[in-house]
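Encoded as structure tokens, the structure appears first; notes follow it.
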Amino acid sequence: MEAIPFARPDVGAAEAAAVSDAILSGWVTTGKISAEFEQAFAERVGAKHAVAVNSATAGLHLALEAAGIGPGDEVLVPTWTFTASAEVVRYLGADPVLVDVDPETLALDLTLAEKKLSDRTRGVIPVHFAGLPMDPHALSAFATAHDLAVIEDAAHAFPASHSGSTVGAGPSAATVFSFYATKTMTTGEGGMVTTDDEDLARRVRVMRLHGIDRDVLDRYTRVGASWQYDVVAPGFKYNMTDIAAAMGLVQLGRAESMRQRRADIADRYHEAFADLPLQLPAVAGEGVQHSWHLYSARLRDAPLDRDAFIMRMQEQGVACSVHFIPLHQLKYWRERYDLRAEDFPVASDAFTRVVSLPISSALTDDQVDRVIAAVRTTLKAS
Ligand SMILES: *Cc1c(COP(=O)(O)O)cnc(C)c1O
């Protein structure tokens, strides 16, 4: 029997045809299709602006730069995330200040975040872990009270919403999505920055492509001199290709049915695992839509440890993963900021027990049955 991969991208003939058309059009880099993808994405989340980039990491870097984060500044980041959420702060010469997370949702704990504020704190990067959105009202109240720029890491949270507010449309300075291969929709590699702030969107656009500002140019050149450009800053090379955007447009059109499929799989897991020694992942409350990028459960009083669990699953042909190794346990962050596991008790404990099960919308019913059977066998028989 073929092994079930941890995260199989849900792509097929429609994506392949769109990519083929883009290639054959003769224009393969950023162009009309990218612009169309940006427009469609902005409409889908309800943001005024969307800027396509070649990764969420690039998008986070650009958003922080545009928000004015620089050397000496501090930015609050949950320790329960991927290293990209914090590395972008270092790109700008600023310091991420890691914060422990809520024991249920594993998202940034705002009470603990408050204790880590200093007179250098300028921003916060909340992560909507697994695709369960944080409360946007609590978040913006916290940011307003402490005059912080909010850059949301929504790499897991498309499509998701909370009390009528779609992730990507909130009052935050910017929200950043990922279209990496394993995410809820993919362009191979890619990302999107959304914002309602016109100045911020403009800065992100300029810095995405070498700091070239054509609007500055328009003030003193006539149309037609297409070779003309001016540079206003040492920008980056973070633009999305039309090949990727073509795939993105197809995936965007399928996003709601793919979300529904993942939600159905999550429901089946919840039902099937209710009697097992597992702490099931936090679910969406009233008025909340979860994107279910990850199904991360924690072993609780289980007959075997997490690593043995993953090995037993592997033996039964089911690949699992771990989200996340908390940042404070990774060499660079631990040594750079002299971090200790006991200062992050929730994340440190969760890490020893957490395991992510396959939840791709590309899973067949038969594969979902096999995952369930493997989990039950592993936790009952060992
Ligand atoms: C995947 C991920 C990123 C990075 O996304 P890329 O598009 O690969 O740069 C950032 N933050 C979180 C929480 C992620 O899971």
Side-chain angles (χ1 to χ4, degrees), residues 6-9 11 34 37 41 50-65 75-92 96 98-99 101-102 105-108 123-134 139 150-160 167-168 172 174-194 204 208 236-241 244-245 247-248 251-252 262 281 290-296 321-330 333 347 350-351 354 356 359-360:
F6 170 67
R8 185 187 162 82
V11 293
S34 303
F37 182 37
F41 197 88
V51 185
V53 288
N54 59 12
S55 71
T57 307
L60 289 166
H61 183 195
L62 290 168
L64 286 171
E65 197 274 344
V75 178
L76 301 166
V77 179
T79 190
W80 195 262
T81 188
F82 183 55
T83 193
S85 312
E87 78 192 35
V88 291
V89 177
R90 296 293 299 135
Y91 291 179
L92 293 159
L98 299 184
V99 183
V101 289
D102 178 88
T105 63
L106 300 174
L108 182 70
V124 55
I125 304 180
V127 177
H128 305 295
F129 176 66
L132 181 64
M134 285 183 70
L139 206 50
V150 181
I151 308 293
E152 295 179 51
D153 180 337
H156 300 181
F158 181 80
V167 174
S172 299
T175 301
V176 182
F177 297 89
S178 174
F179 309 135
Y180 178 65
T182 61
K183 300 290 158 73
T184 56
M185 65 168 268
T186 183
T187 60
E189 299 279 356
M192 190 73 81
V193 180
T194 65
V204 168
R208 164 179 74 165
F236 309 102
K237 186 66 186 346
Y238 284 164
N239 55 307
M240 175 181 277
T241 68
M247 190 165 163
Q251 289 267 288
L252 188 59
R262 289 189 305 274
H290 194 318
S291 67
W292 286 112
H293 164 55
L294 297 175
Y295 190 93
S296 293
S321 191
V322 170
H323 300 87
F324 284 101
I325 304 171
L327 298 187
H328 69 265
Q329 291 183 223
L330 298 171
W333 300 112
F351 171 63
V354 80
S356 299
I359 193 173
S360 161

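If you read the sequence from its start, that first residue is 1, and numbering goes on from there. Start at 1 and go down the list; that is how both ligands and their atoms are numbered.
Every atom of ligand 1 with a heavy atom of Ser178 under 4.0 Å away is listed here by number and element: 5 (O), 6 (P), 7 (O). Each of the following atoms of ligand 1 lies closer than 4.0 Å to a heavy atom of His156: 13 (C), 14 (C), 15 (O). Of all the atoms in ligand 1, the ones that sit under 4.0 Å from a non-hydrogen atom of Gly190 are 7 (O). Per-residue contacts place Ser85 under 4.0 angstrom from the following atoms of ligand 1 (heavy atoms of the residue considered): 11 (N).
Counting heavy-atom neighbours within 6.0 Å of Leu330 CG, excluding the residue itself, gives a total above 12.
In terms of N/O distances under 3.5 Å, ligand 1 is not approached by Glu189. For ligand 1, none of its N or O atoms has an N or O atom of Tyr180 under 3.5 Å away.
Side chains of His323 and Ser356: a donor on one and an acceptor on the other come within 3.5 Å. There is no side-chain donor-acceptor pair under 3.5 Å between Thr79 and Trp333.
Annotation: His293 is not in aromatic contact with Phe82 [ring centroid separation under 6.0 Å not met].
Among protein heavy atoms, atom 14 (C) of ligand 1 sits closest to Lys183 NZ, 3.2 Å. Considering only non-hydrogen protein atoms, atom 9 (O) of ligand 1 sits nearest to Thr57 OG1, 2.5 Å. Looking at atom 11 (N) of ligand 1, its nearest protein heavy atom turns out to be Asp153 OD2, 2.7 Å.
Contact annotation for Ser55 and ligand 1: heavy atoms of both the backbone and the side chain come within less than 4.0 Å of the ligand. When non-hydrogen atoms are compared, ligand 1 lies under 4.0 Å from the side chain of Thr81 (C-beta onward) but not from its backbone. Residue Ala56 touches ligand 1 through backbone and side chain together, judged by heavy-atom distances below 4.0 Å.
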Checklist entry - Is there a side chain to side chain contact (heavy atoms under 4.5 Å, CB included) between Ile125 and Leu64 once you walk through the steps? => result CA-CA 9 Å; Ile125 304 180; Leu64 286 171; 4.0 Å; yes

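By the side-chain hydrogen bond (donor to acceptor under 3.5 Å, both in side chains) test, His61 is found to be paired with Tyr238, residues two or more places apart in sequence or in another chain being considered.
Ring geometry, Phe179 versus Phe41: the interplanar angle exceeds 60°, so the pair is classed perpendicular (tilted spans 30 to 60°).
Thr184 places a side-chain N or O within donor-acceptor distance of the main-chain N or O of Phe158, the cut-off being under 3.5 Å.
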